[in-house]
Amino acid sequence: MTLGDAELDRYARHIVLPQVGGVGQRRLKASKVAIVGAGGIGSAVIPALAAAGVGSLTIIDPDVVELSNLQRQSMFRERDAGYSKADLALQFVQRLNHFVDAHPVQQRIGAENAAHLLQGQDLVIDGSDNFATRLAVSDACVGLGVSLISAAAAQFQGQVGLFRASPCYRCFVGDAFDTDDCDNCSELGVLGAVTATVGSFAALLAINALVGIGDDQAGRLHLFDGENLSWRTIRIPADPSCRTCASA
Ligand SMILES: [Zn+2]
């Protein structure tokens, strides 16, 4: 995986960083990342990873743009209402960085198709809006041996965690939510700048993990308080009876 002259120019502010350099930039180019959900969090993650030069982005979202999305989903414009988010995200990436291969998937991801849709990825970033999807994505990632960044925001609160093997996301939330999607932001509300903050943090976590920058963040959950403007970090203990990762 080499970088041409146009890429060396484009990524010059990355390459000059000792933590990244040409080696790190080539790692980003060689990376395949799937993003589940092109919503508020996806609208921060997808532009950041495309601009950073992650070589392959698979964007999974079954929905079309609604006017009520525009308050936080900054990839989309008024005239996009009614069109597929996955396809619009593809167009966004193509306009931003033609060195990135983007793959739109206009499907709802669930337990029945998650392993198929996510196989072959180096990293999955889940910015979906309900527990049932997040648990199905997490179970598939554990089964495939793929690292998962799970990011969520509601009201003024956000959380971002990196999970690899064990502990997994199910260790954190348990089994009670597999059929529950009542936590979505249409009911609770969410401030657009909070989803953007959480999504940008998830993108940074992804880049650090792909390049190998900083401490290994697996098993740590980062919690954002958007009212008092602070982050704190907790460790997620592995659940010895977790039905997904305890036997893995
Ligand atoms: Zn687990």
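Indexing begins at 1, ligand by ligand and atom by atom, following the structure's order. The chain is numbered in sequence order, starting from 1. Heavy-atom basis, side chains included; hydrogens, waters and symmetry copies ignored.
Inspection of the Asp139 and Thr244 side chains reveals an N or O donor paired with an N or O acceptor under 3.5 Å. For the 3.5 Å distance criterion, the side chains of Asn228 and Ser230 fail to qualify, holding no donor opposite an acceptor.
Side-chain atoms of Asn113 never come within 3.5 Å of backbone atoms of His116 as a donor-acceptor pair (strictly under, hydrogens ignored).
Between Leu162 and Ser147, the shortest heavy-atom distance links the atoms CD1-CB, 4.2 Å.
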For residues 35-49, which side-chain N or O atoms pair as donor and acceptor with protein atoms under 3.5 Å away, sequence neighbours left out?
unit_1	atom_1	unit_2	atom_2	d
Ser43	OG	Gly39	O	3.0
Ser43	OG	Ser74	N	3.4
Ser43	OG	Met75	N	3.4

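Within the protein, the number of N, O or S atoms lying under 2.8 Å from the Zn ion (ligand 1) is 4.
Other residues, nucleotides and ligands place more than 12 heavy atoms under 6.0 Å from the CG atom of Leu8.
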